[in-house]
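Notes follow the structure.
Just follow the structure's listing: the first ligand is 1, and inside any ligand the first atom is 1.
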Amino acid sequence: MTAQPILIGGEWKAGRGPVVVSHYPHDQSVSGEVTGASPADVDDAVAAGKRALADPKWRDLLPHQRALHLYRIADLITARAEDLAQLQRRDNGKPISETRALVASAAGTFRYFGAVCETAEAELTPSRGPYLTMSTWDPCGVVAAITPWNSPIASDAQKLAPALAAGNAVLLKPAGPTPLVALELGRICLEAGLPKGVVSVLPGAGRSVGNAIVEHPDVKMVSFTGGTSTGKAIAHVAADKMMPVILELGGKSPTIVCEDAEIDHAVNGVIFGIFSSAGQSCIAGSRLFVAAKIYDAFLEKLVAKTKALRIGDPASETTQMGPQITPEHRASIEAYIDAGRKEGGAVLCGGERPAGAVYAKGNYLLPTVIAGLGNRARVAQEEIFGPVLVAIPFRDEEDLVAQANDSVYGLASGIWTRDYRRAWRLGRRLEAGTVWVNTYKLFSIATPFAGRKDSGIGVEKGRLGIRNYMRQKSVYWGLNEAPMPWAD
Ligand code: NAD
């Protein structure tokens with residue numbers, strides 16, 4: 001297999017870094033090989049981005065004209081939806097039903113930010129004298145979009161669409177294991193007519209390519225989604241460069257079942273919240289708090305239903321849970337399960353690899369429920385990023401809130417109750433950027449998304465999401481009839 005070229009400044013060229021291989025997590029077969037970018041390729045992509053920004057073909061587009069590019073990208077994604085969904089399935093092993101939904105969401109994201117682009121208004125600010133003042137918004141310049149492997153096309157679109165709508169040039173850096181869909185998105189951007197250099201796609205290792213992008217003096221803003229330790233390292237570089245960043249990081253989200261919850265709804269919601277995406281989701285509801293009165297009965301139902309999940313080939317239309325991304329990632333999850341056992345936890349289901357020929361070559365792991373540990377246990381504190389749910393009983397609301405908020409993370413949360421007043425009370429007290437009430441893991445591009453504490457800084461999505469990629473500028477228009485009196 002010859003390694004594919006990558007998109008450097010509008011040209012398909014061989015990257016000068018190590019070859020990046022995408023393995024299908026279902027059976028380890030090779031899905032594709034791409035040439036990886038090198039720091040020298042980053043330099044070339046930045047230079048091309050700067051040229052594109054200075055070129056009237058991109059610089060002088062009016063918002064409604066820029067929006068057309070986004071609408072065309074959305075249309076091309078929709079036209080190739082099935083191919084993109086299959087490619088992403090090969091790239092990261094998610095079930096096909098899930099990758100189809102991610103592709104549809106990526107198209108929706110481009111459409112949404114096209115609409116935001118052509119309807120965003122500049123503000124006239126209140127004047128306090130004989131002048132008019134207004135705020136206008138400029139693009140940041142060359143910006144970076146650095147994404148993780150768990151939902152590539154959706155994460156790529158979530159950054160690329162608002163960054164382009166704002167008029168920037170973008171360096172898209174996909175995660176090591178999943179380069180393929182990002183390159184296809186780059187191809188679509190060119191076909192949609194974006195001028196050369198506006199988008200580069202630079203696969204490769206984070207510590208070389210990612211770092212070279214973040215440290216580059218002419219990269220003026222970074223939008224990053226990934227792990228908390230990587231995010232903190234990027235924040236340090238950003239502080240030295242005085243560069244704005246958005247950091248969407250890890251999570252250890254509490255999902256809460258009150259004694260008055262509709263039990264069947266809560267069971268399904270908790271299972272979907274942790275085990276969809278095979279647990280490889282930043283917003284996974286990985287800590288389950290159940291009212292002590294219903295704890296045993298609830299866990300019995302939950303475990304029975306978890307054992308019935310359909311695990312297997314991501315190509316099958318009926319698969320609910322696919323494999324883990326890499327053998328190394330599965331090993332790190334298994335180490336956490338062992339740590340839970342050593343701390344005295346009881347593994348109620350899962351905790352091992354599924355048996356059978358279909359799973360033999362893949363990175364499969366059974367959905368796992370651990371009970372008998374408190375919230376301070378390592379498996380309840382650290383992000384496992386896999387199909388592991390830790391169940392903990394709670395006595396009353398004070399006990400619940402104290403435990404739920406006892407985490408370095410603050411990404412998401414779920415509350416299952418029939419009592420809307422209780423849901424409101426709890427929701428206001430939870431330290432989390434998103435609260436789902438009687439649902440979980442719903443996502444709309446129109447709704448802002450942000451993490452608290454170690455889950456990140458900055459708000460993505462929503463109408464104001466475009467402003468992350470812009471710099472505000474104030475303009476004063478003097479209306480004096482006479483010269484300024486001071487100099488007389
Ligand atoms: P990661 O931090 O290892 O990598 C994320 C991206 O950063 C990759 O493209 C990687 O190559 C790059 N990178 C790594 N080191 C870098 C460096 N020094 N400089 C610049 N770039 C660098 O994360 P991952 O393993 O790909 O993804 C899993 C993590 O992502 C989990 O912690 C998960 O919670 C988080 N995540 C968060 C969200 C969110 O919206 N909050 C969404 C999805 C995933």
Pairs of donor and acceptor atoms involving the side chains of residues 140-147, under 3.5 Å and at least two apart or interchain, shall be tabulated with distances.
| unit_1 | atom_1 | unit_2 | atom_2 | d |
| --- | --- | --- | --- | --- |
| Thr147 | OG1 | Asp156 | OD1 | 2.8 |

For this session: Quick one, list the residues around ligand 1 where some non-hydrogen atom comes in under 4.0 Å, by chain and residue number.
Result: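 The answer is Ile146, Thr147, Pro148, Trp149, Asn150, Lys173, Pro174, Ala175, Gly206, Gly210, Asn211, Val214, Phe224, Thr225, Gly226, Gly227, Thr230, Ile234, Glu248, Leu249, Gly250, Cys282, Glu383, Phe385, Leu411, Phe449, counting any residue whose heavy atom sits under 4.0 Å from ligand 1.
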Quick one: does [X]'s side chain have a donor or acceptor within less than 3.5 Å of a partner on [Y]'s backbone?
X	Y	value
Asn150	Gln280	yes
Ser276	Phe272	yes
Arg287	Gln403	yes

Exercise. Are any of the side-chain nitrogens in Arg100 or Glu317 under 4.0 Å away from the carboxylate oxygens of its partner?
Worked result: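 Glu317 and Arg100: salt-bridged.
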Problem set entry | cation_pi(Lys252, Tyr409) dist<6.0 Å, angle<=45 | no
